[in-house]
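Throughout, protein chains are lettered first and strands after them, A, B, ... in sequence-line order, and every chain is numbered starting at 1.
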There are 2 protein chains.
Amino acid sequence: MKAVALPRAAASARRRLSEIIDAAAKVFAQRGYHGASTQDIADLLGMRQASLYYYFDSKEAALEAVCLDGHQDYVERIRAIARSAATASEKVTEVLFHHAAPERRDFTLVFLRERRFLPLAARKRIRAFEVEYERAIQRIIEQGIRSGDFRADLDARMATLALLGLGNSAAAWYGREPAVTPQRMLRAYVDLLVRALRLSH
Amino acid sequence: MKAVALPRAAASARRRLSEIIDAAAKVFAQRGYHGASTQDIADLLGMRQASLYYYFDSKEAALEAVCLDGHQDYVERIRAIARSAATASEKVTEVLFHHAAPERRDFTLVFLRERRFLPLAARKRIRAFEVEYERAIQRIIEQGIRSGDFRADLDARMATLALLGLGNSAAAWYGREPAVTPQRMLRAYVDLLVRALRLSH
DNA sequence: CGCCGATTCTATAGCACAATAGATTCGAGG
DNA sequence: CCTCGAATCTATTGTGCTATAGAATCGGCG
């Protein structure tokens, strides 16, 4: 945040900051926001607890950064998917796969579970991205209804929430059971979801 | 736990204990386990913080009690549903409605989100109930496949996890959006799920 | 009434943690 | 080799919280 100056220096500062946000995401995901100490984050980075305060004004600010960073990524990806020429069913598939992708799991889990501990002002800031993401999904569903890919009697809002619910629960489940790989789980969920949305025939 | 003696006194002691577990569930659900203080629980009960330690050896023990209490209820209900003569589709409907019933929401949320903070020994104790619950659901799905109510190519394990995922996300969602009542949400989810599981025709 | 166990209370020890203050080191540019 | 800002460090303060110790109170029963 405070790092500035020349482009090269700025780039390195940004990299360092994102390393620190990654560490915070990992620690918050594992121990929960309140259960994690700033010491834990510093340990992971091999630095002193107090040094973190060079990058963040408070532990809370670090949580907000994790939530924003994680969700910004989601919004970018949904935009790309929305723009594509695929059918609604294909888009739903892509969304679910991207939503529950294991790579950004820590960010997703922190966003899901810990954002509620932020003060109202910070939550509102995050909400903007959240709404855009949900809207984009809902538009895909509605497009599918108009194009005849999905049933006309579908409640688009509920279908959107169901998609998110399945994606979130998949992300939360990974690692609980060796036989249930993310691949298998996501394939199965996509299959169930598309069957549920499509016209039966 | 420590209360004993005569039947009447025992009954009253049990009531008191469950009042305290209820309060703990509410506070843990709202603030998270680590974010909640024993003071918060005592405030809700109108008693002193230290008095709680008459009922529980530790804050952790209170969390375990909440998780056990909440899930025991689930297991009892799933048994009743499994015994009934309904079709698999009807049973799935009942399970989802009961699973995400708003009445026991605090317990459900605490179980979902906070159980992971318990030490291994306590988690194992809880796991037994968890496994029984999941097994019972899976058996309902499998019964549906055998009876021809559901598709033969269904992955019963994935269908079980999808049901739980939808139920859990419904329970977590309530109150976020006034237009989305539990009723509306659960009806929609049941509809989607049953369509996804059934033979198309 | 007076005992006794159950329950709640007051008081406090002891620890873990977030955050601040200020010194020190690092590294690029002149 | 010196300067200066960025980055990290050491040291510490203050606070909030869990848990313990032991005193006070309550209520039924002999």
Asks: Measuring from the side chain of B:Tyr55 (C-beta onward, heavy atoms only), which nucleotide among C:dT7, D:dC9, D:dT18 has the closest atom?
Replies: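 Closest of the options to the side chain of B:Tyr55: C:dT7.
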Asks: When you compare the side chains of B:Tyr74 and B:Thr108, does any donor N or O come within less than 3.5 Å of an acceptor on the partner?
Replies: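 On atom types as modelled, these side chains qualify, holding a pair under 3.5 Å.
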Asks: Between C:dT8, C:dA19, D:dA7, spot the one nearest the side chain of A:Ser58, thanks.
Replies: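 So the side chain of A:Ser58 is nearest to C:dA19.
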Asks: OP1 or OP2 of C:dT7 sitting under 4.0 Å from any side-chain N/O of B:Ser51?
Replies: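 Checking C:dT7 against B:Ser51, no side-chain N or O comes under 4.0 Å of OP1 or OP2.
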Asks: What nucleotide among C:dT8, D:dT18, C:dA18 has an atom nearest to a side-chain atom of B:Thr38?
Replies: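 Output: D:dT18.
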Asks: Please check if any side-chain donor atom of A:Ser169 sits under 3.5 Å from a side-chain acceptor atom of B:Asn168, or the reverse.
Replies: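 Looking only at side-chain atoms, B:Asn168 and A:Ser169 do not form any donor-acceptor pair under 3.5 Å.
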Asks: Out of D:dT8, C:dA18, C:dT20, which has the shortest distance to the side chain of A:Ser37?
Replies: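 Nucleotide nearest to A:Ser37's side chain: C:dA18.
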Asks: To the side chain of A:Arg16, which of C:dA11, D:dT8, C:dC17 is closest?
Replies: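 Closest of the options to the side chain of A:Arg16: D:dT8.
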Asks: I'd like to know if the side chain of A:Gln183 pairs up with that of A:Arg187 as donor and acceptor (distance under 3.5 Å, no hydrogens or angles considered).
Replies: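 Yes, a side-chain donor-acceptor pair sits under 3.5 Å.
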Asks: Select one nucleotide: of D:dT18, C:dA19, C:dT8, the one nearest the side-chain heavy atoms of B:Lys59.
Replies: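 Closest nucleotide among those given: D:dT18.
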Asks: Is the closest basic N to carboxylate O distance between A:Arg77 and A:Asp73 below 4.0 Å?
Replies: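 Salt bridge flag = yes for A:Asp73 with A:Arg77.
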Asks: Please classify the nucleic acid contact of B:Ala42 as base, sugar-phosphate, or nothing, using heavy-atom distances under 4.0 Å.
Replies: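 Nothing: the residue B:Ala42, judged by heavy atoms under 4.0 Å, touches no strand.
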Asks: D:dA19, OP1 or OP2 - any side-chain N/O from B:Tyr53 closer than 4.0 Å?
Replies: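 Answer yes for this pair, as a side-chain N or O of B:Tyr53 is under 4.0 Å from OP1 or OP2.
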